[in-house]
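Have a look at the structure below, then the notes.
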Amino acid sequence: MNYFAGIDIGSTAIKIVLIDEAGEMISHYITPTGSNFYRNALQGFNALLEKRSIERSAVKYIVSTGYGRKLFKEADESISEITANAIGAKNLSGIDGSIRTIINIGGQDSKVILLDDGGCVKNFVMNDKCAAGTGRFLEMVSRNLEIEIDELGDYHFRSGVPLTINSTCTVFAESEIISLLANGHSKEDIIAGIHYSIARRIAGLARRIGIDGIVLLDGGPALNRGLVKALEDELMRDIVVPEIPQITTAFGAAIIAREAFLAERERVHA
Amino acid sequence: MEIERIKKSTLNHLSMEAGEILKRVEEDFPDNPESMKYFYDLLRKVYCYRERPSDGSITIGTMCLQVPEELIYASGAVPLRLCSGAYSFERIGTGPMPARSCSLVKATVGMLRLVPDFYRDSLKALIIPTTCDQKKKAGEVIREMGINVYFLELPSRKDTEDGRAYWYYSVKKLVDVMGEITGRRLGKKALFNAIRLLNRAREEFRRFYQLRGSVPPPIYGKDAIIVTNAFYFDEIGRWIESLSRLNKELYNRINKKEQVSQRHAPRILLTGSPSIFPNLKIPLLIEETGGVIVADDLCSSTRLLYDPVVIDETASLDILLGAVADRYLRPCTCPFFIDNTDKKRRLLQMVRDFVIEGVVYQAFSGCYLFEMESKSVAKALESEGIPMLYVETDYSPEDTGQLSTRVEAFLESIKQRRRGLHI
């Protein structure tokens, strides 16, 4: 049996997806990027193989993506996370209708990708210069409010009236949150306010290229139901979140790996 | 004393900045034409070692391609385009200019503040066309620094009779001003020779423009930018000769079917804010990622040299002046003019002529003219099925990481589109 791997080395987490020759997802693995992402990616990859008792030699093609893509030497080739994300989203199973807009919130960037009728990348925007409205922002919030990051969603739904958070800069927002806390505001209202502030920012990004069709939200922060709700409110439409939203891009890279292997084999035979 | 220290450290930074870019330009690309060496060496001499090409003529600075250089040559002086692409100079210009103004204007102000004699010996005067607001107001700042600034007035419209009359009047006034500066009255013969000289440069450039757009391309776009940037300060005769040598080499390459890039490298057109050495951030990102810029309509490159002055030998001085004025007004597609229909028309023409697969539009942060016009350009291109990547950036290198991902994804989307969709 032949296998194909997609490895997405992001700023916060490394995501690895293994698929088989039929293109079915076999297994996945998520691990923090840490300071030595090359070692961590390699360890993660080996752990995944071990978990499934798959020999390294059975993995025929590896495609890396994410910001560490160029430095992962085990990969056969690399591809940008925008293309990988689009291909992964298009091939996700269990989503009715065709996805035209992908919103990805990553550790240090957020992007909106528009697909054309055939599922090709038609246009995309991403934040260039700052980490506002990304996973890093949410990490800062949970640290300041001393709650776990996966609790943010629950707090959101307990909020009465969300507060307005004015600063979009992560560092300035931090001091704004501290002063809101000092003024006796509840964590619930602060968190909901944060979610709306991120959602507004992303909606602004989305409006720059115009959103269309079914909207898919992925990336780690898509696990936060409060943020999803805020984004639905700001975009004024429903959003689909995949079952494991962190791995869409790695899945896309794995599909490209499989495709590249099959094309190469075809060439050799022809 | 302090200014001397700033100057020393800035020029140090500049050598490093220019040196690093030249290293990438030369070493990251294995198949550079041999005749490019002249241009690389010239830039290295000027930017890294400050050996300036000067023949002792009176130097007239210009801050935009709208200054009719014929009038400068005809009065025995040499023009010197001073628009700067150096991040090291931008940091100096950030003091006198607002924080959100355009990198190019800030860098030029910074250079003039610190080393007004950067390219040559003393500047006699600096001509600033009244195109964008930032250049206009920067002119006042520059004047306060003790430089002799002359504002060349331009109309906001070029498609009306009033606009043209206004511009002819401005050009005639510039003739008088040049006479005052150089002490020479404009003669018909001198103007005629100046037109011929510049037309020769343009003719050589047009040959280059065609060769560069061949399928497959014989040269990278970063080299085209370097060639045209050298025109700013190189002695014009030597520049024409060097470009002619390069053209012969490119012609031979095409005959031997030699190419610089991979065979299926996406063919890109670069438009928007000008790329001026050492700011080759976007062009290098595109070409290091596997694309090739086969055409551009930048005011720092193609638009600087494409159009000739159309004359006949028996024309009177007045008619010659009118022809020069026309050459600078009509073909100009700077976004400061009201109505950009002809910019879109020209872009679409290039898309067809050079088999363009994607357009990259760079807008310097703070240049609201290019920023505003990007939408309608994107729409025009989209209607012809050509994707456009809009990049808002400046001279600082801090967004390079993010931009490289965007450029890479853009090139991938072109390839994906080309292959059709089997994934």
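The basis for the numbers below is simple: all heavy atoms, side chains too, and nothing from hydrogens, waters or symmetry mates. A, B, ... follow the sequence lines: proteins, then strands. Residue 1 opens every chain.
Heavy-atom contacts from other residues, nucleotides or ligands closer than 6.0 Å to CD of Gln262(B) number 12 or fewer. Annotation: Tyr38(A), atom OH; neighbour count of heavy atoms from other residues, nucleotides and ligands within 6.0 Å is above 12.
The shortest non-hydrogen separation linking Val121(A) to Arg417(B) is O-NH2, 3.5 Å.
Contacts of Phe410(B) with chain A are made by both backbone and side-chain atoms, with heavy-atom separations under 4.5 Å. Interface remark: Arg258(A) contributes no atoms to any contact with chain B (heavy atom separation under 4.5 Å). Heavy atoms of Ile113(A) lying under 4.5 Å from chain B are absent altogether. Proximity to chain A is limited to the side chain of Leu389(B), based on heavy atoms less than 4.5 angstrom apart.
Asp20(A) meets the salt bridge (Lys or Arg N to Asp or Glu O under 4.0 Å) test with no other residue; sequence neighbours excluded. Checked against side chain to side chain donor-acceptor pair (under 3.5 Å), Glu26(B) has the following partners two or more places apart in sequence or in another chain: Arg44(B).
Atom CZ of Arg406(B) is separated from atom CE of Met126(A) by 7.5 Å, given to the nearest 0.5 angstrom. Summarising the geometry, atom CG belonging to Asp116(A) is positioned 9.5 Å from atom OG belonging to Ser413(B); distances are rounded to the nearest 0.5 Å.
Counting heavy atoms from C-beta on, the side chains of Lys122(A) and Glu382(B) come closer than 4.5 Å.
For the side-chain hydrogen bond (donor to acceptor under 3.5 Å, both in side chains) with Thr83(A), the qualifying choice from Gln416(B), Glu412(B), Glu408(B) is Glu412(B), the only one to do so.
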